[in-house]
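Order of the sequence lines sets the chain letters (A, B, ...), proteins ahead of strands, with each chain counted from 1. Keep in mind it's a predicted model, so treat the numbers as computed, not measured. Computed over heavy atoms, backbone and side chain alike; hydrogens, waters and symmetry mates excluded.
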Amino acid sequence: MDFREIERKWQREWEKHGIFHADPSEKEKFFITIPYPYLNGNLHAGHTRTFTIGDAVARYMRMLGYNVLFPMGFHVTGTPIIGLAELIEKRDERTIDVYTKFHDVPYDDLIQLTTPEKIVEYFSREAENALRMIGFSIDWRRKFTTMDEAYQRFIEWQYWKLKEKNLIVKGSHPVRYCPHDDNPVEDHDLLAGESATIVEFTVIKFRLEDSDIILPCATLRPETVFGVTNIWLKPETYVIVRVDGERWMVSRKAYEKLKFTDKNVEFVKEVDAGSFFGRYAVNPVTGRKVPVLPAEFVDPDNATGVVMSVPAHAPFDYVAIKDLERSGILEMYGIGRDVIEKLKPVVLIEIEGEKHVVPAEAITEELGIKNQNDVELLDRATKLVYKREFHRGVMMENTGKYSGMKVSIAKDRVHEDLIKSGNGDVFYEFSEKPVICRCGTECVVKVVKDQWFLNYSNPEWKEKVLEWLEKMRIIPEYYKEEFRNKIEWLKDKACARRKGLGTRIPWDREWLIESLSDSTIYMAYYIIARHINSGRLSPENLTPELLDHVILGIGDPGTVSKRSGVDPDFVKSLRNEFDYWYPVDLRSSGKDLVANHLLFFLFHHIALFPEEYWPRAIAVNGFVSLEGKKMSKSKGPLLTLRRAVSEFGADVTRMYILHASEYDSDADWKRKDVESLSAHLARLYSLAEEYYLKEPEDITDLDRWLISRFQRAVRETREAMNNLQTRRAVNVAFFEVMNDIRWYLRRGGKNLSIILDDWLRLLAPFTPHICEEIWHWKHDSFISLQPYPDYDESKVSPELEVAERYLEALIDDINEVKKFVERPSRVYIAFAEGWKREALRVARSKSNMKEVMKELMKDERLRKISKDVQSFLRRAFREGEELMEIDEERIVRNAKEFIEKETGLELIIDSEMIPEEKMRASMPGKPAIYIE
RNA sequence: GCGGGGGUUGCCGAGUCAGGAAAAGGCGCAGGGCUUAAGACCCUGUCCCGAAGGGGUCCGAGGGUUCAAAUCCCUCCCCCCGCACCA
């Protein structure tokens, strides 16, 4: 049988009948969205996971009777598409290779894609085809791209709204930057230093005595400013530069870096550090005068190249002073030895409950550090001291107003105070070096000036988001904590760019709205997009008044109609439509979007909409790897959705991906596993061929058993789907039902068709095509629109289920014993003595196992065989009352033939033939067995 | 470092919140059945021992609580992900 042919057939039928088009109705609505994909390549297995989960839920909810809206659009905002167009234009070898090999774009098509427009056109078409060929139940009338004029109107409207609410502010921020390309660099633009982060140094301005020169000491530990004994410079050439009107002395490298900051920097002259040694500078915080001294460990390529020395807490400083003492360097610069003697470590941090030492001295001795060339050990020592002091340290009384403060707090406080007083500044530096751009140039930290920021740090805004989060459903649940933390951690975000595709900031048209910032509330736009696509609305109609009214209910239809040129009745119906669909009931997404998009999604909804339109639930899922390897869009390996479906079929792909893993854990795509899953689905088909159209014969207990078991599958599948546990759902609905069917057929069941209608409906959200196909052998309706099977308690028969389990266990036991008998031919069976049944019943009258055990364990003799008692009781509790109530003899007699077939033995029920010691092993539910 | 998640049988993974069977399901492997054959399908086994349905060991490591611990408590080790302005 050909899966693909069936799939295409039903996809055509669904489309022809528009069965997934959703419009307001009397029914209760369910609005589910999946983040639209970014179109710098083809959809791949990772998308497949997120989308398939969404589609399974959409289909499930539809079958539960909801009016489900499941729309899709395409994201094209930002720089990658432009970058890709440039690379293709340049015929970049690597790009051509990756796109032909992994994205499956034919070479001749690919080389045509030399403009962003062509790329968007091409990949949106491909994406739509792919999404159609896997059979997602999307309402395609609502598609759009973020470059559409109407969408941009909608974004402009949103940004005006945010501006009105003062949620957009101006500021500067540091970015990783390539001086050669004159552009910020992203991770994938780097040759080296991908893991480098931008570190913020505090600059503390020490003024040189009798001079206007400032020595800007860069430090990561501003709180130790109270313990500065001297200043270090490397004995080499430095420069004097004018920085915002001040004269700074910094390393040459530092000067280069300063040019990229938001400061006004002017070169003055070169100077020799040597001529400054022995001079004094003033600590702006303590007023203490400290000498300027030489040290080799100073790295001119790190921050300003000017270092304040805190020998009590900084192992480097401590060791460097020791080195000075031992060497003749001071004499070389004509500095008296008395200077050294004044460099006594000033301890300013204590750790409660520990004895007072000079930390840098202690650690240096402990690690056996000899001199400042022991860089590795010194780095380790520095970290150790920092770690201890940061977490457990408290500022001592010699730190003025910071005295008694925790170091972790004092650190930030001192930093802020320095900046406020004008005695401090910041200097950005990479945490690791070098950071090198793909063009080969070493990157710098650039401070972008006057940029627009979304003011996420706004405490009221945050508070509202945090409060709403508590009311939301987050799946899986433990992600709520993650969201809580991320919301608290979120800082202002730059929302403007110079380069890329996108919408201009309406009040400052030099800037483009950055891609994550234009994707926050676009779910609302699906409702409008439908009418743009049908031609009933044009972009010009989307005036602020219209959007205000439709989305927020502001104004009256009459006025809105005049301003927008839209018929008043249509204005009203748009408003009703919006009000019907909003809010988003579920946003289901990959876990990579938690710390960005999903946060912004919440923040923006909460800022802009009234509470009744705030999102109700968010679900998060993991990634997909390929044969254990991480997929990569830009390097491969990659499995496109299209390739997966053409090779394995839509249903197989869907079911595999749904069953491969749960929630945020990652799935691995293994070709072999996918293939064997294909066989399982084929089995479903052949079972249907054999049984679906067969009229049931007389209904037996075995049939009732199957129906009973099936009820439980229905219940658990529903429960799983209500929690978005697709793996569990598929496991139960498909594999466990399949196992029951195996037993049913093995037992001689003939009426499989009694559950097939329900089974197909149970599976329809996961493997809709094959279910639709089989369903139509008997019905004219679409299974996709049928009601989902309901759990029917009245069809559950615990007795029958216990009876079957009893039988299975009995056969197992007989086969087990059989192994030990030479040439076995007969099995004798006898049932447990009445007194055992009675004892069990008494014990069972207690409410739970714990109670019973407690009671029974008081008896010393029972205690000795507690394990036996345990297994005895466990089973009783598991099986329930029914274990005592079943008529063992009847079950065995009825299944005599079956037992004989399964064991190959003649079965005789006769207690006379069973030796005493075998009889002892019997329990209710476990007859005595004797084989000869 | 901070935050979140995790370590179960050859592999993937349930089970942990509410303590009570070597522990669902899938995959792999082995044996058997069916078949002209292959495939598909069906059955059995897959930690160790066992000539009677049993026994032993086991859930990252080590302690503890309990009649009973993968599950509760304490200590420790290891792994994955995020830490941004990028979609």
Please pick, from [options], the nucleotide with the shortest atom-to-atom distance to any side-chain atom of [X].
| X | options | answer |
| --- | --- | --- |
| Lys491(A) | rG4(B), rG53(B), rA84(B) | rA84(B) |
| Lys493(A) | rC27(B), rC11(B), rC85(B) | rC85(B) |
| Arg497(A) | rG28(B), rG53(B), rC85(B) | rC85(B) |
| Phe820(A) | rG50(B), rG54(B), rG4(B) | rG50(B) |
| Glu822(A) | rC86(B), rA51(B), rG53(B) | rA51(B) |

Ion pair present between [X] and [Y], side-chain N to carboxylate O less than 4.0 angstrom?
| X | Y | value |
| --- | --- | --- |
| Arg671(A) | Glu675(A) | yes |
| Glu477(A) | Lys480(A) | no |
| Lys411(A) | Glu223(A) | no |
| Arg709(A) | Asp740(A) | yes |

Counting any heavy atom closer than 4.0 Å, what does [X] reach on the DNA or RNA strands: base, sugar-phosphate only, or nothing?
| X | value |
| --- | --- |
| Lys819(A) | base |
| Ser519(A) | nothing |
| Leu490(A) | base |
| Pro476(A) | nothing |
| Asp492(A) | base |
| Asn485(A) | sugar-phosphate |
| Leu745(A) | nothing |
| Thr79(A) | sugar-phosphate |

[X] side chain near [Y] side chain, heavy-atom distance below 4.5 Å:
| X | Y | value |
| --- | --- | --- |
| Val76(A) | Phe123(A) | no |
| Leu752(A) | Leu687(A) | yes |
| Pro927(A) | Tyr806(A) | yes |
| Lys446(A) | Pro174(A) | no |

In this structure, how many angstroms lie between the [atom2] atom of [N] and the [atom1] atom of [X], rounded?
| X | N | atom1 | atom2 | answer |
| --- | --- | --- | --- | --- |
| Glu736(A) | rG13(B) | CD | P | 18 Å |
| Tyr478(A) | rU16(B) | OH | C1' | 14 Å |
| Ile657(A) | rC12(B) | CD1 | P | 18 Å |
| Leu598(A) | rG4(B) | CG | P | 18 Å |
| Asn731(A) | rC27(B) | CG | P | 11 Å |
| Tyr656(A) | rC12(B) | OH | P | 12 Å |
| Asp673(A) | rG25(B) | CG | P | 17 Å |
| His659(A) | rA14(B) | NE2 | P | 10 Å |

Practice prompt. Could you pick out which residue, Val76(A) or Ala595(A), lies toward the 5' side of RNA chain B when each is mapped onto its nearest nucleotide?
Written response: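 Going by which nucleotide is closer to the 5' end, it is Ala595(A).
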Practice prompt. Identify, between His75(A) and Tyr479(A), the residue whose nearest nucleotide on RNA chain B lies closer to the 5' end.
Written response: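 The residue closer to the strand's 5' end, by nearest nucleotide, is Tyr479(A).
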Discussion item. If you go through the side-chain atoms of Glu488(A), does one of them form a donor-acceptor pair with the base of rG3(B) closer than 3.5 Å?
Written reply: no
Please give the distance between the [atom1] atoms of [N] and [M] as a whole number of Å.
| N | M | atom1 | result |
| --- | --- | --- | --- |
| rA23(B) | rA70(B) | P | 13 Å |
| rG25(B) | rU44(B) | P | 11 Å |
| rU65(B) | rG19(B) | C1' | 11 Å |
| rC47(B) | rC34(B) | C1' | 32 Å |
| rC48(B) | rC73(B) | C1' | 32 Å |
| rC81(B) | rG63(B) | C1' | 31 Å |
| rG82(B) | rG31(B) | P | 44 Å |
| rU8(B) | rC79(B) | C1' | 15 Å |

Face-on cation placement of [X] at [Y] ring, 6.0 Å and 45° thresholds:
| X | Y | result |
| --- | --- | --- |
| Lys591(A) | Phe623(A) | yes |
| Arg497(A) | Trp511(A) | no |
| Arg176(A) | Phe430(A) | no |

Worksheet entry | Closest heavy-atom pair and its distance - Ala733(A), Leu763(A) |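 Looks like O-CD2, 3.6 Å.
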Discussion item. How would you summarise protein contacts on nucleotides 39-48 of chain B per nucleotide, using B for base, S for sugar-phosphate only and - for none, with heavy-atom distances below 4.0 Å?
Written reply: --SSSS----
Worksheet item: List RNA chain B stems (3 or more consecutive Watson-Crick/G-U pairs, under 3.5 Å)?
Response: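 Detected stem regions: B:1-7 with B:77-83, B:10-12 with B:25-27, B:28-33 with B:41-46, B:47-49 with B:54-56, B:60-64 with B:72-76.
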Practice prompt. Give a yes/no on whether any side-chain N or O of Lys633(A) is located under 4.0 angstrom from OP1 or OP2 of rC86(B).
Written response: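 No, no such contact exists.
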Discussion item. So, does Arg484(A) get its side chain near the phosphate of rG4(B), meaning an N or O under 4.0 Å from OP1 or OP2?
Written reply: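 Answer is no, no contact under 4.0 Å.
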